[in-house]
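Structure, as structure tokens:
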Amino acid sequence: MKGAHEMKRFSAIAALLATAAFAFASEELDVYTWIYRASISPAERFAVLKNVAEAEIPGAGELYAEALSQLLIEFPNLKTVSERESADSTARLLADLLGEAKYAAAATDLWRIVQTFSNPLVKADALIAIGRTRSEDLFEQVARTLQDLNLRPTSDPESGERIAYGALLALEKYRKIEGFPPVFFASTGWYSRRVRDQAAATLPLIADDPTQALEGIMRQGDSNVKLLALQTEDASKAGAAAKSAFAALALSEGWTSATSDVKERQILANLRKLSMAVMQRSGVTSSAIPLLDRSYREGIDMEEKLSAISALAAGRSDDAALVLASALMKLNERRRADATTQDDERIVRAVIPALGATGSVKGRPALQAVENMDWTNAVKVLAGEALKKLK
């Protein structure tokens with residue numbers, strides 16, 4: 001009983017102390033608010049706000065919002081350099097404080113800071129603060145700010161980069177999939193490495209599964225953008241089914257984006273190769289089988305052909321087995337005509353195990369034909385092993 005009584009007494013004392021602390025903080029805030037309102041110059045008001053921030057007084061958001069509104073009213077009438085510099089410092093301080101407090105009621109005024117002030121650091125801090133408030137009303141404006149900056153370098157690139165950096169951090173705080181495209185294009189845009197790296201670091205924080213946003217990028221971007229989109233999807237936390245379907249889309253884009261430019265052709269080939277590597281890890285959709293067949297037949301080099309064979313093997317389906325069986329039958333015909341090349345020898349050693357990996361009986365006739373051909377003993381052994389794996 002004594003212990004319970006002491007606990008109740010302790011709780012009562014704690015409650016009184018909390019009430020007293022709140023009352024003291026409230027009185028202290030009232031004093032600072034009075035001092036702030038009595039201040040005349042921007043420099044004086046900045047000093048008061050800084051003291052409030054350092055004192056970490058609870059509930060000061062309303063004072064900060066009032067100060068921001070007053071700053072916006074007075075800003076157009078400031079004449080001297082020192083007044084403008086004080087206004088910039090005050091705006092940056094208030095943006096940081098309101099953002100930290102997640103004071104959404106001040107978001108509109110924070111956006112007015114972006115529109116009104118010319119200092120790029122002030123604009124950046126205001127954008128970051130908007131992101132921290134996560135004001136739904138201003139999300140589109142923040143996203144559009146970065147989207148517009150992505151289009152071309154600003155007349156003063158350093159200023160443009162600072163504003164873009166602020167927009168990036170704001171969109172990171174919003175974590176909305178709609179903010180993914182402008183951040184993605186910032187990661188491959190005209191900016192310096194610092195900004196591009198920040199954009200790349202922001203992407204996975206916006207969405208674990210960015211597939212929806214990346215599909216539009218894949219269909220509209222140039223070859224470099226398509227490749228980066230696939231790399232981004234592959235590195236994301238999207239599920240295997242989403243990655244598999246996206247890889248099929250990438251493989252399709254890798255074939256439909258025809259070009260005569262040698263460099264572009266190589267980039268598209270790299271896109272196809274990566275898409276097939278993703279399929280091997282995540283699965284092969286039925287829609288990808290004809291595309292894999294094309295990569296086997298028309299691939300830019302041996303690496304692409306072998307990648308297609310491996311992906312078909314990972315498909316483990318009758319359709320995949322039929323493509324591989326057709327390839328093996330043609331190799332058998334070339335062997336019968338004594339027309340095989342060194343590349344054919346390399347390919348046949350990949351196709352045969354791949355047929356076995358599919359587990360489909362559709363590959364049996366082509367594998368059995370190997371035994372009656374003039375292939376080396378090593379090739380015939382591979383065929384025998386593959387036959388044992390068929391259903």
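Worth saying up front: this structure is predicted, and the values here are computed from it rather than measured.
When the salt bridge (Lys or Arg N to Asp or Glu O under 4.0 Å) test is applied to Glu304, the partners found at least two apart in sequence or on another chain are Arg272. With sequence neighbours excluded, the residues forming a salt bridge (Lys or Arg N to Asp or Glu O under 4.0 Å) with Lys176 are Glu136, listed by chain and number. Scored by the salt bridge (Lys or Arg N to Asp or Glu O under 4.0 Å) test, Asp109 finds Arg112 as partners (sequence neighbours excluded). Partners of Glu158 according to the salt bridge (Lys or Arg N to Asp or Glu O under 4.0 Å) rule, which considers only residues two or more places apart in sequence or in another chain, are Arg162.
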Quiz prompt | Worked verdict on Phe46 versus Leu71 for side-chain contact (heavy atoms from CB on, under 4.5 Å) | solution = CA-CA 10 Å; Phe46 175 74; Leu71 178 64; over 6 Å; no

Exercise. Begin with the C-alpha distance, continue with both residues' side-chain angles, and end with the deciding distance and a verdict on side-chain contact (heavy atoms from CB on, under 4.5 Å) for Asn332 and Trp375.
Key: CA-CA 9 Å; Asn332 285 338; Trp375 290 108; 2.9 Å; yes

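Around the CD atom of Glu74, the shell of radius 6.0 Å holds more than 12 heavy atoms that belong to other residues, nucleotides or ligands. Around atom CD of Glu62, no more than 12 heavy atoms belonging to other residues, nucleotides or ligands sit under 6.0 Å away. Open room surrounds NZ on Lys362; 12 or fewer heavy atoms of other groups in view lie less than 6.0 Å from it. For CD of Gln115, the number of neighbouring non-hydrogen atoms (other residues, nucleotides, ligands) closer than 6.0 Å is greater than 12. Remark: Gln212 CD is loosely packed, at most 12 non-hydrogen atoms of other residues, nucleotides or ligands lying under 6.0 Å away. Remark: Arg265 CZ is loosely packed, at most 12 non-hydrogen atoms of other residues, nucleotides or ligands lying under 6.0 Å away.
Every pair passing side-chain hydrogen bond (donor to acceptor under 3.5 Å, both in side chains) that includes a residue from residues 283-293 is listed here, sequence neighbours excluded: Thr285-Ser287, Asp293-Arg297. Judged as a side-chain hydrogen bond (donor to acceptor under 3.5 Å, both in side chains), not a single pair has a partner in residues 236-251 (not counting sequence neighbours).
Defined by atom type and a distance below 3.5 Å, a donor-acceptor pair is present between the side-chain atoms of Gln70 and Tyr36.
Note on ring orientation: taking the six-membered ring where Trp is involved, the planes of Tyr174 and Phe139 are perpendicular (angle over 60°, cut-offs 30° and 60°).
Separation of the Tyr64 and Tyr103 ring centroids does not fall under the 6.0 Å cut-off.
In this structure, the side chains of Phe246 and Val278 stay at 4.5 Å or more apart for every pair of heavy atoms. Proximity of Arg37 to Glu66: side-chain heavy atoms (C-beta onward) are separated by under 4.5 Å at one or more points. At least one side-chain heavy atom of Val361 sits less than 4.5 Å from a side-chain heavy atom of Arg364. Side-chain contact between Glu178 and Glu140 is absent, with no heavy atoms from C-beta onward closer than 4.5 Å. Counting heavy atoms from C-beta outward, Leu203 and Ser187 have side chains that approach closer than 4.5 Å.
Listed for the Ser252 side chain is no donor-acceptor partner under 3.5 Å among the backbone atoms of Ala248. With hydrogens and angles disregarded, no donor-acceptor distance shorter than 3.5 Å links the side chain of Ser282 to the backbone of Met279.
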